[in-house]
Amino acid sequence: QVQLVESGGGLVQAGGSLRLSCAASGRTFRNYAMGWFRQAPGKERNSVAAITLSGGNTYYTGSVKGRFTISRDNAKNTVYLQMNSLTPEDTAVYYCAARRSASIDAYYISGRTYDYWGQGTQVTVSS
């Protein structure tokens, strides 16, 4: 069982930056591939970024490439999402998710493949 707690959301002006953190419970964090998702009002929850067990391989959805960076610190049981050059279109509730992975090279994009979810943190970008 893994519990995930996100933090770092808030209100920021367009062009600003935020860093989201997701702290995981348990001693086997290194065995879990991680992902960040977001859900805007009235829209589906979509993948934003994903990262492999070691952090050596990452995925980004097209709209955030070059602006967002996912990283993880296995010693701290934490995954991060650095978000730069934010726009109002980035406004959403952001969720982190975890799933066990037997492959050190795999990241996962579909939310259906994740087993554990955090409660979400609101990110609001004003114009």
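Heavy-atom basis, side chains included; hydrogens, waters and symmetry copies ignored.
Scanning all heavy atoms of the two residues, the minimum distance from T91 to A40 falls at O-CB, 3.7 Å. Shortest non-hydrogen contact noted between A33 and A106 is CB-O, 4.1 Å. For the residue pair T69 and Y60, the shortest heavy atom distance occurs at CA-OH, 3.3 Å. Summarising the geometry of M34 relative to L4, their closest heavy-atom pair is CE-CD2, 4.1 Å, with the distance given to 0.1 Å.
The stretch residues 79-95 participates, sequence neighbours left out, in these salt bridge (charged side-chain N to carboxylate O under 4.0 Å, His left out) pairs: R38-D90, R67-D90. Within the structure, side chain to side chain donor-acceptor pair (under 3.5 Å) contacts touching residues 73-84 (residues at least two apart or in different chains) are S17-N84, R72-N74, Q82-N84. Residue pairs that meet the salt bridge (charged side-chain N to carboxylate O under 4.0 Å, His left out) test with at least one member in residues 43-58, sequence neighbours left out, do not exist here. Pairs passing the disulfide (SG to SG under 2.5 Å) check and including a residue from residues 8-100, sequence neighbours excluded, read C22-C96.
Atoms CG and OG, on N46 and S110 in that order, are 10.5 Å from each other to the nearest 0.5 Å. Taking OG from S71 and CZ from R19, the interatomic distance works out to 6.0 Å, rounded to the nearest 0.5 Å. With values rounded to the nearest 0.5 angstrom, T58 atom OG1 is found 14.0 Å from F68 atom CZ. Taking CG from N57 and CD1 from I70, the interatomic distance works out to 11.0 Å, rounded to the nearest 0.5 Å.
Within 6.0 Å of atom CD1 in I104, 12 or fewer heavy atoms from other residues, nucleotides or ligands are found, so the atom counts as exposed in its surroundings. Heavy atoms of other residues, nucleotides or ligands lying less than 6.0 angstrom from CD of Q119 number more than 12.
Side-chain contact between V2 and R100 is absent, with no heavy-atom pair separated by less than 4.5 Å. Using a 4.5 Å heavy-atom threshold, the side chains of D115 and Y32 count as separate. Counting heavy atoms from C-beta on, the side chains of V48 and M83 never come closer than 4.5 Å.
L53 and L81 are members of different hydrophobic clusters when ILVMFWY side chains are connected at heavy-atom separations under 4.5 Å.
Taking Ile, Leu, Val, Met, Phe, Trp and Tyr as hydrophobic and joining them when side-chain heavy atoms fall under 4.5 Å apart, one finds Y59 in a cluster with Y107, I109. Side-chain contacts under 4.5 Å among hydrophobic residues (ILVMFWY), followed directly or transitively, place W117 together with F37, V93, Y95, Y108, Y114.
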